[in-house]
Protein chains: 2
Amino acid sequence: MAAARTRRSQRRTEALSRERIVEAAVELLDATGEGGLTFRALTERLATGPGAIYWHVANKGELLDAATDAVVAAAVTVGPAGSAGSPQQGMRAVALGLYEAIDDHPWLATRLAVQLARSPWGPVAPRIFEGIGRQIRALGVPESHWFTATSVLMHYVLGAAGQNAANAASARALAPGVDRAEFLGTVSAAWERLDPDDYPFTRAVADQAREHDDLEEFLAGIDLVLAGITALHLPGTTGPATTQTAAPPGRIRD
Amino acid sequence: MAAARTRRSQRRTEALSRERIVEAAVELLDATGEGGLTFRALTERLATGPGAIYWHVANKGELLDAATDAVVAAAVTVGPAGSAGSPQQGMRAVALGLYEAIDDHPWLATRLAVQLARSPWGPVAPRIFEGIGRQIRALGVPESHWFTATSVLMHYVLGAAGQNAANAASARALAPGVDRAEFLGTVSAAWERLDPDDYPFTRAVADQAREHDDLEEFLAGIDLVLAGITALHLPGTTGPATTQTAAPPGRIRD
DNA sequence: ACCTGAACACCGTTCAAGT
DNA sequence: ACCTGAACACCGTTCAAGT
């Protein structure tokens, strides 16, 4: 309704709104990183004064939260419970969605960490938790393990995706045309220069770090966690020798 | 040598040094959080001017990095390769060391995320990687899996420990005397108020979230990952049905 | 109801000057 | 070599004033 008149106002002014502000914030974060999001830059981009922004948004923290939530929401499409394909494929789809979102918006990794660490009950945590948890449920994991399994996967996915984005950003920063492999070689070389007495393991692993493909590594980690879930909840298997699964761990602090 | 004269200078002035500055920064972070660490507060605490601090430290980022590294170094004592006890106990000891460090210094969770996302080749990442990796090696994991297994555990441990610290901090902030269980009840209640159509899984899990013991949950997650490692590398087991472990995953983006 | 923009308090950092 | 402290540029936020 009233669609005829909308055309003219689009060009210059287009009336400020919370959505437009958040949209501009995301663009600014993508272009200049978290340090580049200032009210000065934002007012310039939106052609207004700071007061106008504060009318729609309480403060900078809320703006960052809204930008984070908007990007995450777009990345993990909650959708109807039953998508096509196997649960494993569903899990990969959700994980890759987050992986690519963080790859496209490198500031997201840090912001997610900050936000999950500040208010786990905000809108972002449930979004990610739900997206991963549904796949866990579809895998046939018993309900008693749902929380643990989903938590492990969530933390791994976010951490590893953030690490990947960091590698990508560092490679870009080192020199415009630097190859990703070349950059990983630099890191690997740095690790090989560590003290042999203090860092024997890290040095030994430096080679693998050089050659690995990030996406493949990411998926291998997910497979590892899924294997653990299966091993723990399938009564048929001999039960892993490494760990007493059912017995309560008990406190072993000092 | 020259031990006799050291007494007098300790009280008031005690000569500024990088170590003293980092020490004061950690104290300030512990007392007031990341927002409380300012050069103003720091100069007051150290009874100097900002110029004196800048003589020992390049900028605030370097100071935060140094504070983070100091706390992590104290938490994961690298020590001689072979400690007492089983590899599983060793793994728990390392994980609990980080868990407690983040619990004692809540700002550490966010700062580790920032720092690992910015410079994975800095001193902090190898410290944590080495501490966890040695236990992986001691568990008999084949070398080809070292990198994946250590990465998964590192991301999980840091993420889950940060989450725990966040819960603790939020419980404290909600009201001085609020019980941890009471706070988790609040979060659980918030999750149960989510839209049933969009968040069926999260709502179903809200109960578990209310009742769980954080430390127990943390250790259960580690057991899960260890079970996955065992399942993947032990040729004896029937191989988990959920995932094709050996076959290269291949790109499945869209 | 929504926006303007000058003003304020505070921050990280610099630097000429001291010892 | 090490420290002082005034000064600078920039930041998030406020608020009286407009429409």
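Letters go in sequence order (proteins before strands), and every chain restarts at 1.
Using a 4.5 Å heavy-atom cutoff, the side chains of A:Pro200 and B:Glu130 are in contact. Side-chain atoms of B:Val76 and B:Ile132, non-hydrogen and from C-beta on, never get closer than 4.5 Å to each other. When side chains are defined from C-beta on, B:Val187 does not count as touching A:Pro120, because their heavy atoms never get closer than 4.5 Å.
Every stem involving DNA chain C, taken as at least 3 paired positions in a row under the Watson-Crick or G-U wobble test at 3.5 Å, is listed here: C:4-8 with D:12-16, C:12-16 with D:4-8.
A salt bridge does not link A:Arg203 to A:Asp195: none of the charged side-chain nitrogens sits closer than 4.0 Å to a carboxylate oxygen. A salt bridge between B:Arg18 and B:Glu62 is present, with a side-chain N of the basic residue lying under 4.0 Å from a carboxylate O of the acidic one. A salt bridge is defined here as a Lys NZ or Arg NE, NH1 or NH2 lying under 4.0 Å from an Asp or Glu carboxylate O, and B:Arg127 with A:Asp198 fails to meet this definition.
Looking only at distances, a side-chain donor or acceptor of B:Tyr156 sits under 3.5 Å from a matching main-chain atom of B:Phe218. Listed for the A:Thr68 side chain is no donor-acceptor partner under 3.5 Å among the backbone atoms of A:Leu112.
Atom C1' of D:dC2 sits at a distance of 13 Å from the matching atom of C:dA17, rounded to the whole Å.
Across A:Ala166 and B:Leu116, no two heavy atoms sit closer than the pair CB-O, 4.0 Å. B:Thr110 approaches A:Ala117 most closely through the heavy-atom pair OG1-CB, 4.1 Å.
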Criterion side-chain hydrogen bond (donor to acceptor under 3.5 Å, both in side chains) on A:Glu217 and B:Thr148, from CA distance to verdict
CA-CA 7 Å; A:Glu217 253 298 314; B:Thr148 305; 2.7 Å; yes
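Only at 4.0 angstrom or more do the heavy atoms of residues 29-42 of chain A sit from any atom of DNA chain C, so none qualifies. Residues from residues 60-70 of chain B that place a heavy atom under 4.0 Å from any atom of DNA chain C, listed by number: B:Lys60.
The side-chain hydrogen bond (donor to acceptor under 3.5 Å, both in side chains) contacts involving residues 37-61 of chain B comprise B:Glu27-B:Arg45, where partners must be two or more places apart or lie in separate chains. Applying the ring pair (Phe, Tyr, Trp, His ring centres under 6.0 Å) rule to pairs touching residues 109-132 of chain B yields A:Phe183-B:Trp121, A:Trp191-B:Phe129, A:Phe201-B:Phe129, B:Phe129-B:Phe147, sequence neighbours excluded.
Nearest-nucleotide positions on DNA chain D place B:Pro50 closer to the 5' end than the other of A:Ala52 and B:Pro50.
For DNA chain D, the span of nucleotides reached by chain B at under 4.0 Å from its heavy atoms goes, 5' to 3', from D:dA1 to D:dA6.
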